[in-house]
Amino acid sequence: MEKQRRYWLLKSEPESYSIDDLQRDGSTYWDGVRNYQARNFMRDDMKLGDGILYYHSNTKPPGIVGIARVSREGYPDPSQFDEKSHYFDSKSSEENPRWIVVDVEFVAKLDETLSLPELKKDSSLEGLPLLRKGQRLSVQPVDAKHWRHILKRAGVKEAT
DNA sequence: GCCAACGTTGGC
DNA sequence: GCCAACGTTGGC
């Protein structure tokens with residue numbers, strides 16, 4: 001059976017790594033995720049070519065700023081082995097790595113941010129995990145119908 | 001296994 | 001800067 005392409009939302013603080021940084025780099029590995037639920041999504045569910053909504057948090061206004069895609073499936077997060085890294089984890093080992101990254105490739109930057117307040121007002125986006133109260137996960141699933149609606153609103157043609 | 005204390009996220 | 005909502009840690 002043909003595998004269903006899935007869609008995701010990745011949060012990043014633009015001060016640490018923005019959509020402009022991703023555009024400049026072309027692709028990056030999504031390191032530093034230290035939440036098991038988010039880790040599990042990256043390890044088990046994110047597949048090559050999956051669509052990504054790029055979200056800026058902790059900024060004014062927060063919102064969706066671009067589109068990306070998964071360009072490599074889960075592998076051990078190098079930062080967990082680096083003693084100098086903020087993300088170093090002494091309980092992790094090369095033989096039994098605890099944390100996982102995927103590679104993320106730039107696809108498009110939106111002309112305008114789809115801000116969180118705008119997203120909240122959009123009745124078509126009911127049920128989007130991002131809009132749930134208290135939702136802090138930095139890696140979240142997005143339904144195909146929400147993905148299509150958001151890309152349409154943003155005026156982005158699907159680039160895969 | 002419970003739960004209080006503490007730390008983090010992230011909108012406002 | 002505030003604080004709600006979690007997640008984690010560690011004593012018991």
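Below, chains carry the letters A, B, ... as their sequence lines are ordered, and counting in each starts from 1.
- In this structure, A:E118 atom CD and B:dG11 atom C1' are separated by 16 Å, rounded to whole Å.
- Regarding A:Y55, its OH atom lies at a distance of 11 Å from the C1' atom of B:dT9, rounded to whole Å.
- The two residues A:D103 and A:Y75 make their nearest non-hydrogen contact at OD1-OH, 2.5 Å.
- Atoms NZ (A:K91) and C1' (C:dG10) sit 11 Å apart, rounded to a whole Å.
- The closest side-chain heavy-atom distance from A:L128 to A:D143 is not below 4.5 Å.
- The distance from atom CG of A:L116 to atom P of B:dG10 is 12 Å, rounded to the nearest whole Å.
- Here the P atom of nucleotide B:dC12 and the CG atom of A:L119 are 11 Å apart, to the nearest Å.
- B:dT9 atom P lies 12 Å from atom CZ of A:R34, rounded to whole Å.
- Formation of a donor-acceptor pair under 3.5 Å by the A:Q140 side chain with backbone atoms of A:V142 is not found in this model.
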Which pairs, protein N/O on one side and nucleotides 1-8 of chain B N/O on the other, fall under 3.5 Å?
residue : atom : partner : partner atom : Å
B:dT8   : O2   : A:R136  : NH1          : 2.6

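- Residue contacts for A:K120: at a heavy-atom cut-off of 4.0 Å it reaches the sugar-phosphate backbone alone, with no base atom in range.
- Counting heavy atoms from C-beta on, the side chains of A:Y54 and A:W8 never come closer than 4.5 Å.
- The NZ atom of A:K11 sits 7 Å away from the C1' atom of B:dT9 (whole-angstrom rounding).
- The interatomic distance linking A:Q135 (CD) with B:dG11 (P) rounds to 11 Å, in whole Å.
- Side-chain atoms of A:E13 never come within 3.5 Å of backbone atoms of A:N58 as a donor-acceptor pair (strictly under, hydrogens ignored).
- A distance-only check finds no donor-acceptor pair linking the side chain of A:R69 to the backbone of A:V107 [under 3.5 Å].
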